Amino acid sequence: MKRSLFAGFLPLALLAGCQDNLEEMPVVPAQTGDEITFGSSLTDVDAQTRTIYGEDPVNGAYPVYWEADGSDEISIYCPQAAQGNIVNYKVTPGPDATTSSAVTKVNMGEAGLQWGTEETHHFSALYPGDKIIGVGEPGQLLAEIPVNQDPIEWKKPTNEAGGTTYTGVANTDYAYMWAYTTHNKSAGGDVALRFKPWVTILDVEINGPAKAGEEIKMSSVQIRSTTGETLNGQFYIDFNPVEDGGNAPVYIQAGNPNAERSQITIQLYDQTLNDGRGDFITLKHNDKIVVRFYLLPKDTNYDTSARNDLQIRVTPYNSSVLTLTLQGGSGNEGGDVNDGKGILAHKVNRVILPSVSKLGPNYWMSSLNPNIYVTELSLPGSRMSSLTQANDASIIYQDQTISEQFINGVRAFYFQTAYNNDPSWNDWIDYNLYLAVNGRRLERLNTYIQDIANGLATAEGAGKTNEFAFVLLSWSSIFGAGNSGNWMTAVEEELKEMGNNSQYRLYTDEITPNTTIDDVKGKIIVKVNYNDTNMGNSLDVNAGVPAMFAVWDGYYRPDGNDLRWGTSNADATATMKWAYQEVTTVGPGGQTTLEDKKNYVNQMFESSIDSYQNNSAHDMWFMNDCGGSLVGNVTGDYVQGSYDSDENSAGVRDLTEEMGYYVTDLLQNRTEDATLGVVYVNFANPENSYSGNLIQTIINNNFNFQLRTKGSSSGTTQTAATRTTPDGWDE
């Protein structure tokens, strides 16, 4: 059933063993230790109880198809069984694949469920059996619904309007069904199991732009609860209420309660597009996208009353979010959800959305739970943020201003700096920090910090209050090592000066492992690289600089260096770690090979997975530099470039192409949950052919797993819209 379904499941029959001989036989009471067989039929199935799957309805319902190879599994639990009380069975489909011809043990070398000493046995079953990850108290099975429910493939049929319908084939591993029955062992025969749907399902149709000729690239679609209700994550399905006479099992939340569990995300990314390199789907007029969400039902004892707390959030590529609150009488294009009844539990609910439009700017942080820890986030950043043609840089790393980068969703910046009394600048000593570009100075650092602060102010004016930014400062060593201590003094004076002036919006409280978005919203976090202990100890242990400090002592530190707040002095206490990969020049004339650079990038992401799974303190902050330049003579598939090329920095362009495709593919195919940390890229422009999809993929990672939060996940509560715009979306 995992890949054969297109729209749903029905309560179906399971027949155990070969049933060719149906002649009546005398009942022989089962003995203790005899294995139990299972069976049922479809003859009494009411079509009205079926939920929707399949393409063409049969008798008003849509059929289910078991996998032909018999790979579908069910898990059957019986507390009265003689030895062991939970066993997985596999289903062999019948001739029409909607019923089963046999139900057999997955592991034929082990005992199945066997009759125990009690007369009456209680049987609880759950599909899919291979997704049962544990047991709890008697009558409880542990399972999980993920936050990321990306399709396993995309189908692209032509629709009746002449456009393309991009249909995401859902992974039905999360289409949980349940069955419950009792059987007396003296009655003989098979134990009849009739499966019923348990999860709530949303079929969501996204319509292309209203105007002919318009095209809009899409990014993701999300379902979230406006009241912070749990939609996903680990849960115990509890069959005890059924034994007590209830209508169906209920669920008990398991796993981390302080995690983002009120949203589910589907990326609109098709690996087959762009000649197999992958791309986000672009919708034209008359095009559609159809996806499916599986979510935990909000009910008590199988209550099927409508719920009105769900909101669909559609994000066009590099644009602001389009929202629609799902409720009875909401005026959705094509009719209200369930004819005005709202979302029904344990049913398939069809949701038809209005035509999409692109609004901008990309204030993606304001769609996140403000209680999320900042170390859990994935921030897209611009490598060498100020090395632009407009700044007369001979090596071009970026093609947009700082303000443009911010508008387009970049939230991390990287500045190389030097102080004002460098001999080659012939200036007096005043310890101001300036941006250094190829041996020249630009404006003071505070000019660029002000640009970022202005972006935050504009966001707040638009009602987007959760935005913040991250700035990494490093020392430009072009003037000699002897200036390093003075540079640290300049850092201290410059940052303290800006910290005392609210217009620069520096975050001045200490960053700790427990710092959240809500703590830093509207502010700029500064992190400073220094090169060695002597350089770090040039600051006093109680310097009180509004910044984080960590030593830069090589290109690759997956285990992390000490990260201190307020000073770089080695005697100060470090409460966090800074793990990084920062190979800038790649190739025969650089620091390492291209293959090594890619391996380092991959290993850093692997380190973040390990940290997320094994470090509940969330005190590791990751930085992964996916930018840089190919240097020296490069052969094969790359354009020859060099670090000091004066032809639009060919080496930077070459590495941008290589890393853009490589890292995007790496992240799109990753299934493990983890932060990406700060990820720096060349040409951090959504319109760049190589970096654009990577930036959006980094942003989307913040919505693709259960980020941990401070306190209850109820912090995601949002006010449901009371009015809709003329185009059908929430106002």
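Just the heavy atoms: all of them, side chains too, but no hydrogens, waters or symmetry mates, feed the values below. Computed from a predicted model, the values in this text were never measured in an experiment.
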_Surrounding CG of Asp275 (heavy atoms of other residues, nucleotides or ligands, distance under 6.0 Å), is the total greater than 12?_
no
Is it the case that the side chains of [Y] and [X] hold a donor-acceptor pair, with the cut-off being a distance below 3.5 Å and no angle test?
| X | Y | result |
| --- | --- | --- |
| Gln398 | Ser382 | no |
| Gln591 | Thr584 | no |
| Asn408 | Asn362 | no |
| Glu376 | Thr675 | no |
| Asn88 | Ser75 | yes |
| Asn529 | Ser474 | no |
| Gln222 | Gln311 | no |
| Asn682 | Thr656 | yes |

*For Arg670, enumerate each residue passing the salt bridge (charged side-chain N to carboxylate O under 4.0 Å, His left out) test, keeping only those at least two apart in sequence or located in another chain.*
none
*Kindly write out the residues that satisfy salt bridge (charged side-chain N to carboxylate O under 4.0 Å, His left out) with Arg383, not counting sequence neighbours, or none if the list is empty.*
Glu582, Asp625
_Lys156: which of Thr167, Thr165, Thr272, Thr164 passes side chain to side chain donor-acceptor pair (under 3.5 Å)_ = Thr272
*Check the pair Ile517, Phe468 against side chain to side chain contact (heavy atoms under 4.5 Å, CB included), reporting the backbone distance first and the verdict last.*
CA-CA 8 Å; Ile517 294 175; Phe468 72 91; 4.2 Å; yes
